Amino acid sequence: MNEPLAYKLRPTSINNVIGQKHLVSKDKVIYNMVKNKKIFSMILYGKPGIGKTSIANAIITELNQKTRFLNAVINNKKDFDIVVEEAKMYKGIILVMDEIHRMNKDKQDLLLPYIESGLVTIIGLTASNPYHTINPAIRSRCQLFELKELTDDDIKEGIKKACKSEYLEGISIDKTSIDYIVKLSGGDLRYAYNILELAYYGTKDKVINIDILKSINNKPVFLHDKNQDGYYDVLSAFQKSIRGSDVDASLHYLARLIEGGDFDSIYRRMSALVYEDIGLANPSMGPKVMACINACERLGMPELILPLGLTVIELALSPKSNSAYLAINSALKDIEEGNIGEIPKHINSSAFGYKYPHDYPDAFVEQDYLPDKLKDNKYYIPKTNSKYEQALKQMYDKYKKNSN
């Protein structure tokens with residue numbers, strides 16, 4: 001069987017996991033669970049190649065319990081039935097499930113009671129945000145652990161460990177070449193292993209140098225150089241250029257991100273900034289960004305650059321307002337600090353004394369909605385640099401005046 005290097009190097013001990021020290025280093029939560037021989041259903045989420053499968057493999061190897069591996073997309077309901085029957089037979093089983101966010105309702109309904117009872121302990125793996133993509137019924141029965149991006153030092157540690165392994169016998173690689181692989185990897189250890197293995201078998205003498213690596217992958221590396229023009233610096237500059245209404249700078253950083261090929265990061269950043277930085281000044285831009293992303297996913301490269309470029313130009317030149325962003329953060333701050341208060345009786349579930357606005361002129365009637373202790377609080381502070389928010393301010397002032 002032609003197993004890739006990344007598969008061969010999967011850790012069999014929690015101590016050998018690269019990165020994720022906040023979870024697996026001594027006295028951290030997963031470390032302690034493994035040492036205490038007690039595991040709970042969990043979901044490990046984070047970008048590809050940062051250690052989700054490695055942690056799962058280390059856990060099950062150390063615990064030495066009956067385990068099955070399934071993929072929520074590839075495996076059918078019959079495969080899940082078999083896991084349940086095995087769990088009953090062995091009085092418990094660990095189910096490692098990749099792509100857990102893609103699990104359909106039939107499979108969820110089958111597993112839920114057994115996860116609930118503890119007969120099936122699930123370790124779900126996903127690159128998606130579980131708060132957005134995983135069914136709440138599954139999510140509420142699992143502990144969620146976010147994996148952090150691997151640092152350059154983490155990737156370098158993995159490469160050096162691979163070079164010392166039995167799988168790359170006789171390898172010779174210099175520091176410049178290791179650094180180049182680190183930059184190419186973009187924080188993805190699996191990708192770093194793949195490049196290393198290809199270079200190893202792509203030479204006649206097992207000597208890896210920068211020329212060999214460039215012949216394998218000549219993709220620009222500046223995007224992933226966290227100590228110079230770092231990838232996240234480019235993303236930050238992209239958003240700040242749009243926020244600053246500099247359309248040329250916005251397009252420049254967009255081009256650098258396109259060259260890097262991580263379109264999901266572009267989509268996420270555009271989706272965030274349209275609500276944070278443009279907001280109520282031009283609320284039509286939210287649906288336009290979603291339509292752009294949908295078009296990009298349908299078109300693929302190279303045509304996706306067209307809707308991306310068009311939308312970024314419009315984002316940069318749009319009027320800006322962060323009033324909604326500030327408003328919700330102000331409201332959240334009150335909640336976090338315990339400034340809550342009792343809900344007025346006329347709008348609670350009994351609604352005793354509630355005045356139905358539609359029974360009054362202009363669908364408005366004076367009554368209190370905020371708790372008494374917060375009734376003078378103002379979260380939304382309108383801005384007036386767009387016609388839309390000027391109109392909102394007029395309505396805001398009207399309702400506030402009539403409420404006083």
Side-chain angles (χ1 to χ4, degrees), residues 105 129 131-137 139-140 239 242-243 245 267-295 307 310-404:
K105 190 174 186 302
N129 187 330
Y131 295 100
H132 299 159
T133 57
I134 293 180
N135 183 293
R139 198 174 64 224
S140 68
Q239 179 167 358
I242 292 174
R243 181 186 294 149
S245 302
Y267 302 154
R268 281 196 298 272
R269 191 56 63 111
M270 288 172 62
S271 300
L273 71 85
V274 74
Y275 293 104
E276 177 182 347
D277 296 313
I278 292 171
L280 292 171
N282 187 1
S284 67
M285 281 308 303
K288 285 184 179 180
V289 166
M290 294 303 109
C292 168
I293 293 169
N294 182 57
L310 183 153
T311 305
V312 165
I313 290 170
E314 195 169 357
L315 285 168
L317 297 179
S318 171
K320 310 293 191 299
S321 173
N322 67 344
S323 58
Y325 170 79
L326 295 174
I328 185 59
N329 276 289
S330 179
L332 285 168
K333 186 169 185 267
D334 265 352
I335 305 305
E336 290 166 0
E337 294 176 352
N339 294 327
I340 298 173
E342 187 176 346
I343 297 172
K345 290 182 179 179
H346 58 276
I347 63 166
N348 66 17
S349 56
S350 66
F352 180 75
Y354 173 59
K355 298 174 184 177
Y356 187 55
H358 294 289
D359 291 339
Y360 297 83
D362 298 325
F364 178 81
V365 59
E366 183 180 343
Q367 63 184 334
D368 291 330
Y369 293 94
L370 277 170
D372 282 346
K373 66 181 291 187
L374 300 176
K375 66 181 181 180
D376 294 326
N377 282 25
K378 291 186 179 181
Y379 299 120
Y380 173 55
I381 310 298
K383 295 195 171 185
T384 56
N385 59 327
S386 71
K387 290 182 179 179
Y388 183 82
E389 199 160 9
Q390 287 173 12
L392 289 182
K393 183 180 186 301
Q394 289 178 359
M395 299 304 295
Y396 179 84
D397 290 343
K398 173 186 174 182
Y399 292 137
K400 281 294 182 182
K401 179 180 179 181
N402 289 339
S403 296
N404 294 330

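Being a predicted model, the structure only gives us computed values, none of them experimental.
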Practice item. With sequence neighbours excluded, tell me which residues meet side-chain hydrogen bond (donor to acceptor under 3.5 Å, both in side chains) with S323. Key: S321, E389

Point to revise | Test side-chain contact (heavy atoms from CB on, under 4.5 Å) applied to N322 - qualifying residues, sequence neighbours left out | key: Y325, L326, K383

**Study point:** For S330, side-chain contact (heavy atoms from CB on, under 4.5 Å) partners two or more places apart
**Key:** Y379

Point to revise | Student check: side-chain heavy atoms of V274 and M270 closer than 4.5 Å | key: no

Exercise for review: List in chain and number order the residues that pass side-chain contact (heavy atoms from CB on, under 4.5 Å) with P307, two or more places apart in sequence or in another chain; answer none if no residue qualifies.
Suggested key: C292, A295, C296, L299

Review point. Considering all heavy atoms of both residues, which atom of M290 and which atom of S271 are nearest to each other, and what is their separation?
Key: CE-OG, 3.2 Å

Check your understanding: How close do I340 and L374 get, heavy atom to heavy atom, and via which atoms?
Key -> O-CD1, 3.3 Å

Review point. Could you give all pairs that pass the salt bridge (charged side-chain N to carboxylate O under 4.0 Å, His left out) test and reach residues 273-292, with sequence neighbours left out?
Key: R243-E276, R243-D277, K288-E314

Practice item. Kindly compute the distance separating CG (N135) from OG (S140), expressed to the nearest 0.5 Å. Key: 8.5 Å

Review point. In chain order, what residues pass the side-chain hydrogen bond (donor to acceptor under 3.5 Å, both in side chains) check against R139, with sequence neighbours excluded?
Key: none

Exercise for review: Sequence neighbours left out, what passes ring pair (Phe, Tyr, Trp, His ring centres under 6.0 Å) with Y380? Give chain and number order.
Suggested key: Y396

Check your understanding: Listed by chain and number, what are the salt bridge (Lys or Arg N to Asp or Glu O under 4.0 Å) partners of E337, not counting sequence neighbours?
Key -> K333

Review point. Atom CG in L317, atom CD1 in I242: separation rounded to 0.5 Å?
Key: 10.0 Å

Exercise for review: Give a yes or no on whether the backbone of F364 and the side-chain of D362 come within a donor-acceptor separation of less than 3.5 Å.
Suggested key: no

Study note, to complete from the structure: Taken in chain and number order and not counting sequence neighbours, the residues that satisfy side-chain contact (heavy atoms from CB on, under 4.5 Å) with Y388 are L280, P283, S386, L392

Practice item. Report the residues that fulfil salt bridge (Lys or Arg N to Asp or Glu O under 4.0 Å) with K105, sequence neighbours left out, ordered by chain and then residue number. Key: D109

Study note, to complete from the structure: Applying side-chain hydrogen bond (donor to acceptor under 3.5 Å, both in side chains) to S245 and not counting sequence neighbours gives K320

Study note, to complete from the structure: With sequence neighbours left out, the residues meeting side-chain hydrogen bond (donor to acceptor under 3.5 Å, both in side chains) with S284 are N282

Review point. Between atom CG of L370 and atom NZ of K378, what is the distance when rounded to the nearest 0.5 Å?
Key: 12.0 Å

Check your understanding: Would you say the side chain of M285 lies within less than 4.5 Å of the side chain of L315, judging by non-hydrogen atoms?
Key -> yes

Review point. Considering all heavy atoms of both residues, which atom of K355 and which atom of E366 are nearest to each other, and what is their separation?
Key: NZ-O, 3.8 Å

